[in-house]
Amino acid sequence: MIGKKGSRAALPTPALVLDLDAFERNVARMAEHCKVSNLSIRPHAKTHKCVTIAKAQIAAGAVGQCCAKLGEAEAMAAGGIENILITSPVVTAQGIERLIALNAKMPDLMVVADNPVNARALAAAAGEKKRVLKVLVDLDVGLHRTGIRPGEDALALAELIDAAEFLDLRGLQAYAGHLMHIHDFAERREKSLAAMQVLGDQRDALKAKGLPCEIVSGGGTGTYNIDPEARVLTELQGGSYVFMDKQYHDVALGNGANFPFETSLFVQMSVVSANTKNLATTDAGFKSFSTDAEPPKLLSGAPEGAGYFFFGDEQGGVLLPDGASLPIGSVLTAMTPHCDPTVNLYDAYHVVRGDTLVDIWPIEARGKSA
């Protein structure tokens, strides 16, 4: 950690700001939820990309971390994280070489596979180094992004992995990412439990064949309070709960949802020009926020009724209600539209308690897209 004290208002902007009190409550609440639900929590580092945050989650009871990419796993391992699941297939020759090298350095690394060609390549590479690689079968439960088709295809892949001398079949992974942002709770619950049923049936099929299935990993923030009902998962992969961006804030407002998590991540910006009636320009534009969702939601510093819009690479615009103004130097904060890609735009979190900057945490896995 890079220690620093100071005033939140004096931060150089745009700045990625983490409310430490809200963050700590989010971590504790998810840990308690999983404990009561008899689940492990393996949070997704693709959300935060930060060794300090990973260690805080593990200190609260997490079994380790998920990483979406090999580069993220390398960054987490370099920071001392010892239990990692890479949730996307590693298929290139160069990637597999790096994976095997990482496996030699770590006490507990797992990877997923969804294709027999990839499984054979992993087996050959692990065999060359004569060190066992732990593998989960990645199951497609409807997202169609990765994962093998449930049923005989998945069973055959599991048998192949189990038969490989230097692969250790540990179980299954499935992620129903297409369901996480369904606003209506009843619909989200129905569809998520149906996906869990597919996963549970595959688990039972593996066990009926005498194949190991110690770990069943999946779920996410959007279904954290639904998936435990199915009694299928052994570990939950939620990630965004630590920050609660606008997408998940909107999900939390869905009918019947019970989200105890708070928004803890913000972008702080400053007004740099205000020469046009009912308009102010800030220093946070396309380069400061993810752009795959709605524009950021202003939370403080602007008059009620003001709205943010993207005004360029470096600038954001604020439309003001009639009669309102924002002088240059005004400090505004906004909720991130989508936390994961927004975090990837910054080098560090400015960590605050109230109005005081208490620390700066580096984002070690920023840009680790391979």
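All residue numbers refer to positions in the sequence shown, counting from 1.
Using cut-offs of 30° and 60° for the angle between ring planes, the His33 and Tyr224 rings count as perpendicular. Between His181 and Tyr248, the two ring planes are tilted [angle within 30° to 60°].
Heavy atoms only, all atoms of each residue included: Ala306 and Val318 are closest at CB-CG1, 3.9 Å. In plain terms, the two heavy atoms of Leu133 and Ile100 that are nearest each other are CD2-CD1, 4.3 Å. Nearest heavy-atom pair, Ala126 versus Leu167, reported as atom, atom and distance to 0.1 Å: CB-CD2, 4.4 Å. Thr13 and Ser270 get closest at one heavy-atom pair: OG1-OG, 2.8 Å. Here the closest non-hydrogen pair linking Ala348 and Ile360 is CB-CG2, 3.6 Å. The minimum heavy-atom distance linking Glu235 with Ser217 is given by the pair OE2-OG, 2.8 Å.
Here the OG atom belonging to Ser192 is positioned 10.5 Å from the CG atom belonging to Leu199, to the nearest 0.5 angstrom. Rounding to the nearest 0.5 Å places CG of Leu18 at 7.5 Å from CG of Leu16. Here CZ of Arg8 is found 10.5 Å from OG1 of Thr356. Values are rounded to the nearest 0.5 Å. We find the CG-CZ distance between Asn26 and Phe261 to be 6.5 Å, quoted to the nearest 0.5 Å. Atom NZ of residue Lys134 and atom CD1 of residue Ile86 lie 13.0 Å apart, to the nearest 0.5 angstrom. Separating the CD atom in Glu159 from the CD atom in Glu152 is a distance of 8.0 Å, to the nearest 0.5 Å.
A distance-only check finds no donor-acceptor pair linking the side chain of Arg42 to the backbone of Ala62 [under 3.5 Å]. Without hydrogens or angle criteria, Asn103 side chain to Val132 main chain gives a donor-acceptor distance under 3.5 Å. Using a distance-only test at 3.5 Å, with no hydrogens or angles considered, a donor-acceptor pair links the side chain of Arg188 to the main chain of Ile182.
Between Glu24 and Arg353 there is a salt bridge, since a side-chain N of the basic residue sits under 4.0 Å from a carboxylate O of the acidic one.
Side-chain contact of Gln57 with His48: a donor-acceptor pair under 3.5 Å is present, judged by distance alone.
In summary, of the residues considered (Asn344, Thr342, Val343), a side-chain contact (heavy atoms from CB on, under 4.5 Å) with Tyr346 occurs for Thr342 alone. In summary, of the residues considered (Lys368, Lys105, Arg98, Lys69), a salt bridge (charged side-chain N to carboxylate O under 4.0 Å, His left out) with Glu74 occurs for Arg98 alone.
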